[in-house]
Amino acid sequence: MFLQDKVTHEFQKRYGSEAAFVIRAPGRVNLIGEHTDYNDGFVLPMAINRAVWIALRPRDDDQIDVYSLDMDETLHFELEAFENTQQGWAEYVKGIAWVLKAGGFDLQGWEGVMAGDVPIGAGLSSSAAIELATARSFAAVAGIPWDPPAMALLAQRAENEWVGMNCGIMDQMISAVGEADHALLIDCRSLQTESVPLPPGTVVVVLDTMSRRGLVDSAYNERRRQCEEAAQYFGVKALRDVSLEMFNDQGDGLEDVTRRRARHIITENARTVQAAEAMKRGDAAELGRLMNASHDSLRDDFEVTNEALNQMVTCAQAEASCYGARMTGAGFGGCAVALVAADAADAFVKSVSVCYEAVSGTAPNIYVCNATEGAAVIEG
Ligand code: GLA
């Protein structure tokens, strides 16, 4: 059953009426531009056909009641008084209520059913999908005008300050502003976006290694610190402001690890802008080459891949139908992404599955993804 039917069906069962609204907010896959967002740089993600859905109706009071079909858990709280109790998925919902209140919005209670098919902890932004679906629900119920970039910034703040994950803006932004059939070049400093289509005759394939790693937060925060240190060394606001030339001239004064972290960000920013140009020309070969170079840089300079991601990317790159492949998301586990000739996609999925299982001993989950629109009211 489709998720839309699942949440509306469950809503009917629990509340005995039709839902007033059905909301959808997507996960994302990032084609290129990794760890550049918190350096004020460029990213090139697309919203995907895996999403979080909420069927809901308003309440007359200030109570929130959300049943998660995936977790088989109910979250209940009052908008007047609620606390962070470190409850996993529930904190994303509460965090959005908190940030909207802090932003001066008048909220109204609602009750609903939530379900999603964005794999958790796989680098496809399941948390941003919950955040934007929740924000869209509050906005629908309380009649708050929907301004996608502004909502993305609020959702990021909820994740930073309520959940305690110091993420950049990419995931919330693409879940809010995604466009069907397009990836978006996002300037994470100005939040300007430019939509770019996939090269003709290609598809995006997501390759889940099934490896999940804890401690991502501490490694992530360490990378952020190293990037800030490097920006300070160059005397700029963020590494976005350091050109390759400047890096080559002055970078030698940096300690080795910090220098390599900075080199990843500076070269990755350049690759991301070039990748968008390549897409506009329909140049699949060049986009693929840039994706491969991105993976090398994330593996060797930024050091955020793991063995499973490297094995998966090696398997994917070995296929003649593959233009390029790289890890996607924060790293340390989760998914890789590949650009593949559309007419060979089925064969690619089969061969890479066999290859990855042979080298890693684990059966992967590999599928073709479509670019979809961002958070929206689907019914109601
Ligand atoms: C996570 C964060 C994003 C971004 C990526 C790495 O997904 O939430 O803000 O930093 O990692 O590119």
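All ligand and atom numbering here is 1-based and tracks the order in the structure.
- A salt bridge links Glu303 with Arg261: at least one charged nitrogen is closer than 4.0 Å to a carboxylate oxygen.
- Between Phe247 and Phe234, the ring planes are tilted. Angles from 30° to 60° get that label.
- Aromatic rings from Trp98 and Phe82 are positioned such that their centres are separated by 6.0 Å or more.
- Listed by first then second residue, pairs satisfying side-chain hydrogen bond (donor to acceptor under 3.5 Å, both in side chains) with a partner in residues 369-380 read Gln4-Glu379, Arg24-Thr372, not counting sequence neighbours.
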Which N/O atoms of ligand 1 sit under 3.5 Å from a protein N/O, and at what distances?
unit_1	atom_1	unit_2	atom_2	d
ligand 1	7 (O)	Arg28	NH2	3.1
ligand 1	7 (O)	Asp171	OD2	2.8
ligand 1	8 (O)	Asp171	OD2	2.7
ligand 1	9 (O)	Asp37	OD2	2.5
ligand 1	9 (O)	Gly168	N	2.9
ligand 1	9 (O)	Tyr220	OH	3.4
ligand 1	10 (O)	Asp37	OD1	2.8
ligand 1	10 (O)	Asp37	OD2	3.4
ligand 1	10 (O)	Tyr220	OH	2.6
ligand 1	12 (O)	Glu34	OE2	2.7
ligand 1	12 (O)	His35	N	2.6

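- Taking the charged nitrogens against the carboxylate oxygens, Asp241 and Arg189 do have a contact shorter than 4.0 Å, which makes a salt bridge.
- Taking the six-membered ring where the residue is Trp, Phe11 and Tyr15 present tilted rings, their angle falling between 30° and 60°.
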